[in-house]
Amino acid sequence: MYYANVSQQLPHTSRVIEVTGNGKVMANPNYVQIQIEVQTRGKNVQEAQQENAIIMNRVIQSLLALHIPRENIQTAFYTISPVYDYEDGKQIFKDYEVTNAITVKVKNTSQIGEIIDTAVENGANRISSIQFNIDNVDAYYQQALSLALQNAQMKATTIAETMHLPLQPQPIEIVEELEKAPVLYRSMAMVDSKISTPIEQGQIAINATVRVKFQY
């Protein structure tokens, strides 16, 4: 009677090394977005709105005088909210609060301190956000992605060489992990009337991450 070799009939078991590759590219931001707000209060909502409009128009005109293009100034939000006090567990109406927020896109990042000071001098009472950004961030991300793949290959090779495994050079699966858009700096700005507000732009880190599987 003939018996087949059992070991020859067993299917080949695929063995896999899975690694995570990381890549990072540093870049200088080429524009900044500042969110400037004007908040006013009043017992009468129309009066609070009117005061807010007068101040915000003055702020916008002062920014235009700094040669900020009008198309780079955009309304972010506009809200009207009642404000209440609480006494002995009772809600008591105090006044209305009107908030008008604009975002200002600035190409000349060295001008940020001057813009903040000018806006505050003309009635803005809140700088709620400063965000440094890059116009062509995708080009930097592609570089980071390439570095992440190289990093994954190096990790897999190191593991295989250390464990004496016959690593296959071509990966069988690559999964790109999506990263959040890079934001370098977000802050509340404090202004001294005698000293220009110092803002340091630094650099933005653009990161890429991949999960890669190799057979051995």
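All values below come from the heavy atoms of this structure, side chains included, with hydrogens, waters and symmetry mates left out.
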Does atom [atom1] ([X]) have a neighbourhood of more than 12 heavy atoms from anything else shown, all under 6.0 Å?
| X | atom1 | result |
| --- | --- | --- |
| M26 | CE | yes |
| K24 | NZ | no |
| Q74 | CD | no |
| Q91 | CD | yes |

Quiz item: Does the pair E47 and Q49 meet the rule for a side chain to side chain donor-acceptor pair (under 3.5 Å), with working shown?
Solution: CA-CA 5 Å; E47 290 178 1; Q49 282 183 289; over 6 Å; no
Quiz item: Side chains of V83 and R41: closer than 4.5 Å at any heavy-atom pair?
Solution: yes
Self-check item: Residues N28 and Q203: side-chain donor-acceptor under 3.5 angstrom
Solution: yes
Self-check item: Q33 and T103: side chain donor to acceptor below 3.5 Å
Solution: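 Short answer, no.
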Quiz item: Do K213 side-chain atoms and P171 backbone N/O form a donor-acceptor pair below 3.5 Å?
Solution: no
Quiz item: Between the side chain of N151 and the main-chain N/O of L147, is any donor-acceptor distance below 3.5 Å?
Solution: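 Flag not set: sc N151 to bb L147 has no pair under 3.5 Å.
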Using the rule that two of Ile, Leu, Val, Met, Phe, Trp, Tyr join whenever any of their side-chain heavy atoms come within less than 4.5 Å, decide whether [X] and [Y] are in one cluster.
| X | Y | result |
| --- | --- | --- |
| Y216 | V212 | yes |
| L149 | V16 | no |
| L66 | V38 | yes |
| I36 | L64 | yes |

Quiz item: Just how far is it from atom OG1 of T118 to atom CD of Q111, taken to the nearest 0.5 Å?
Solution: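 Interatomic distance, T118 OG1 to Q111 CD, rounded to 0.5 Å: 8.5 Å.
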Quiz prompt | Interatomic spacing from CG in D117 to CG in N122 - rounded to 0.5 Å | solution =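 Taking CG in D117 and CG in N122, the distance rounds to 11.0 Å.
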Self-check item: Results of salt bridge (Lys or Arg N to Asp or Glu O under 4.0 Å) for D85 - residues two or more places apart only
Solution: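 Not a single residue meets the salt bridge (Lys or Arg N to Asp or Glu O under 4.0 Å) criterion with D85.
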Exercise. With T99 as reference, evaluate N52, T79, T40, I80 under the side chain to side chain contact (heavy atoms under 4.5 Å, CB included) test and give the passing residue.
Key: T79
Quiz item: Do K105's NZ or CZ and the ring of Y31 fall within the cation-pi criteria of under 6.0 Å and 45°?
Solution: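 Ring-cation test returns yes.
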